[in-house]
Amino acid sequence: VSQDGRIGERLGEALHSLFSTRPRLLMLGEDIADPYGGAFGISRGLSTKFPDRVISTPISENAMTGMAGGLALMGDEVIVEVMFGDFITLAFDPIVNFISKSVTMYGRTLRMPVIIRCPSGGNRGYGPTHSQNLHKHFIGVPNLSLHELSPMHPVRPVLARILDQGRPAVFFEDKVLYTQRPCGRHEGDDLFEFSDLGGESDWAQARLADEPPGCLLIAPGGMVRRALAAMRRAVLEHEIVSSLLTPSQLFPLDLGPVLPALTAAKRILILDDGPAGGGWPVLAADSIHRLLWNDLDAPVGVLQPGCAVVPAARHLEQQVLLQESTIYAALTAGGASG
Amino acid sequence: MAACDADSLAASSVLTLDDQAPAELSGHDLDTLLMIRQFELLLLELFAAGHVSGTTHTCIGQEYIPVAMAPLLDRAFVVSNHRCHGHYLAQFGDAEGLLAEILGRSGGVCNGHGGSQHLYREGFCSTGVQGEGVPIALGAAMSMKRTGAGGLAAAYIGDGTWGQGAVYEALNMAQLWQAPLVVLVENNGIAQSTPTDRAMAGRVADRAAAFGLRYARVTQTGPAAIRGQLASQIELTRSGGGPFVAEFITTRVGPHSKGDDTRPPEQRRAAEEADWLAGYRRHYGDQVRAAELAQQSRLRRLAAEILARPLAGASPS
């Protein structure tokens, strides 16, 4: 296991490790076999080592996902790789109507350990059908949990925990993360103290050591790098102190372990890369308002793109998606003391 | 043959039998057939009396298909669809669990959560979304292929199900990987209210051929004869010979769900004449009546007993 490996490599190592320890684990997806190893090379080497457990499928998201449901009913565990997360729309029926429902619709609890992996998000110029973040369409599906790859969370335990839960999950992976290093191993990370706060949502925290609480950012894993860069600039240039909370499980959202941090914050801002109009940041803000209405100094803010298609040209894409500069502007405009 | 009018096909195949007696049924087959028929008739009655909520899809006229298949589908995972009562009853004989389930009373096979269309038992599940079951069955088949237990998966679908892309995605993979999968097509000539020839261009046989799938067309209605026609094909699938599609040309004698049969009177009459049971009534009247009455009174007693039970618990046990 490489110590400095980039997150994409670590994800691949996690898959190898899980395949070694879980004999019933299978993987389905398009072009996932060697030598290609998937569109982002994440499963490279896996089909060579586990030839009968890595099944490279035709371009058939619907049936390959439904097939995962049938494998799960027989006692297998399955990781499905959707080549670009955008294509998960083609698997909506088996995910929502079968795999998730089957956990309880038959009047007993059935184990359905299926993880749908979705390389998501933009900032790589792939254009409208290869750059979305589709969290919002899967929030509140009974028995389905949502997770996101995060540079603050070691990936193997996250995946192992999902499989152990025995319920289906969608695992979003911001593809920009694949080439980045985990937190603590990236330039500028020495400014921050990283810690695990645990809980069902598996919270991680990044904060400046020995600083009083200022603005608290809450963001899924894909936003972490942009958030940390903005936080660093804000403190170095304006002495504006902020901290960051990131759950590896987005839904269901368990705020228990972060209540003290939320209460102490002067200001709370939720970051998200999905288009405006409902979705995860709204759910998170609503949950915080309900729990802490009387303790908040100000309403929880949401920073996310407008309700727009992600354009292909890099300069247009940057205007739509949340950038470090947008977060920095929000941090410095509001000020740490609100 | 270009004809897709399954009603007339089924009708003609029965008419040719009209002059001769259908093959005698084993006591077990006759009992199971009539149990399913009486179960469905009773359900429609219970529905009319307000004891069943939502919807229910009866298989009146198609009972012989799962009765013929059940002995061939031991060591199988069976995936059924919205019209699943006959599949379940033929496989397990569990009228009590199914009736309690549909009536929302305690003792239901899914504790009242699944209802008429969503049944589960080890080796069996049904779902209410058309086409969804074929990929699920493919998954079950591939699992059994890998673990080498000699099992197979079977998916029951209808003629209307062929409108779903998931079916083709799954058939393609099944053939590519030589999955131990059997697809049982109950072609009753009508999808809800839409005649097959208004929903399907070409034929099921040609679609199977397009994937290089082994295929058989089944027009007979006697369980023993059907087993004779299909047993070796199913065994071949079980022993690594790849997937197999059997298309049963059959007749939906009853409505799609309840009281929603919009077919013109002459078509409904033709469906009744094509009913497999009609021939048995003519030639084995006494035997059929006795078995029918026995099933009828047993199921009525069962229904009364179940209706007196408490409502099904609210949470999964």
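Within every chain, numbering begins at 1; the chains are lettered A, B, ... in the order of the sequence lines, protein sequences first and strands thereafter.
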K.L.:
Strictly distance-based, threshold 3.5 Å: is any side-chain N or O of B/N111 a donor or acceptor partner for the main-chain N or O of B/H113?
P.N.:
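Such a contact is absent between B/N111 side chain and B/H113 backbone.
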K.L.:
Hey, what do you get for OH (A/Y178) to CZ (A/R124), rounding to the nearest 0.5 Å?
P.N.:
9.0 Å
K.L.:
Quick check for you: to the nearest 0.5 Å, what is the distance between A/L73 atom CG and B/F77 atom CZ?
P.N.:
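A/L73 atom CG to B/F77 atom CZ measures 4.5 Å (nearest 0.5 Å).
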K.L.:
Counting heavy-atom pairs under 4.5 Å to chain B, which of A/L71, A/L110, A/N97 comes out on top?
P.N.:
A/L71
K.L.:
For chain B, which of A/G70, A/P94, A/G69 has the most heavy-atom pairs under 4.5 Å?
P.N.:
A/G70
K.L.:
Report yes if some heavy atom in the side chain of A/V78 is under 4.5 Å from a heavy atom in the side chain of A/L25; otherwise report no.
P.N.:
no
K.L.:
Give, as side chain, backbone, both or neither, the part of A/D76 having an atom under 4.5 angstrom from any heavy atom of chain B.
P.N.:
side chain
K.L.:
So, A/Y106 versus B/H118, ring centres under 6.0 angstrom or not?
P.N.:
no
K.L.:
If the threshold is 4.0 Å, N to carboxylate O, is there a salt bridge linking A/E173 and A/R117?
P.N.:
yes
K.L.:
Which residues from residues 84-103 of chain B are near chain A, with near meaning under 4.5 Å between non-hydrogen atoms?
P.N.:
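Within residues 84-103 of chain B, near chain A: nothing under 4.5 Å.
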K.L.:
With a strict 4.5 Å heavy-atom criterion, list every residue of residues 39-62 of chain A that contacts chain B, or say none.
P.N.:
A/D52, A/R53, A/I55, A/S56, A/T57, A/P58, A/S60, A/E61, A/N62
K.L.:
Non-hydrogen atoms of chain A under 4.5 Å away: do they reach the side chain of B/L119, the backbone, both or neither?
P.N.:
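When you check distances to chain A, only backbone atoms of B/L119 fall under 4.5 Å.
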K.L.:
Taking the six-membered ring for Trp, are the ring centroids of A/F84 and A/Y126 within less than 6.0 Å of each other?
P.N.:
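Between A/Y126 and A/F84, which both carry aromatic rings, the centre distance is below 6.0 Å.
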K.L.:
Please determine whether a side-chain nitrogen of the Lys or Arg among A/R111 and A/E77 lies less than 4.0 Å from a carboxylate oxygen of the Asp or Glu.
P.N.:
yes
K.L.:
Counting the benzene-type ring for Trp, do A/F251 and A/F138 have ring centres under 6.0 Å apart?
P.N.:
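Judged by ring-centre distance (under 6.0 Å), A/F251 and A/F138 do not meet the cut-off.
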K.L.:
Would you compute the distance between atom CG of A/N133 and atom CD of A/E148 and round it to the nearest 0.5 angstrom?
P.N.:
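Those atoms lie 6.0 Å apart.
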K.L.:
For B/E235, is there an ion pair with B/R238 - N to carboxylate O distance below 4.0 angstrom?
P.N.:
yes
K.L.:
Could you name the residues of residues 124-143 of chain B that have a heavy atom within less than 4.5 Å of a heavy atom in chain A?
P.N.:
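Those residues of residues 124-143 of chain B which have a heavy atom under 4.5 Å from chain A are B/C125, B/S126, B/T127, B/V129, B/E132, B/P135, B/I136, B/L138, B/G139, B/A140, B/M142, B/S143.
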K.L.:
Going by distance alone, is a donor N or O of one side chain under 3.5 Å from an acceptor N or O of the other, for B/Q192 and B/H256?
P.N.:
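Side chains of B/Q192 and B/H256: pair found under 3.5 Å.
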K.L.:
Please tell me if the side chains of B/L230 and B/M69 come closer than 4.5 Å, counting only heavy atoms from C-beta onward.
P.N.:
yes
K.L.:
Where on A/L28 is there a heavy atom nearer than 4.5 Å to chain B: the side chain, the backbone, both, or neither?
P.N.:
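Interface part for A/L28: neither.
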K.L.:
Do the charged groups of B/R203 and B/D206 touch, with an N to O distance under 4.0 Å?
P.N.:
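Here B/R203 pairs with B/D206 in a salt bridge, since their nearest N and O are under 4.0 Å apart.
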K.L.:
Just how far is it from atom CZ of A/F87 to atom OG1 of A/T89, taken to the nearest 0.5 Å?
P.N.:
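Those atoms lie 8.5 Å apart.
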K.L.:
Give, as side chain, backbone, both or neither, the part of A/I99 having an atom under 4.5 angstrom from any heavy atom of chain B.
P.N.:
neither
K.L.:
Partners of B/A199 by side-chain contact (heavy atoms from CB on, under 4.5 Å), sequence neighbours excluded?
P.N.:
B/T194
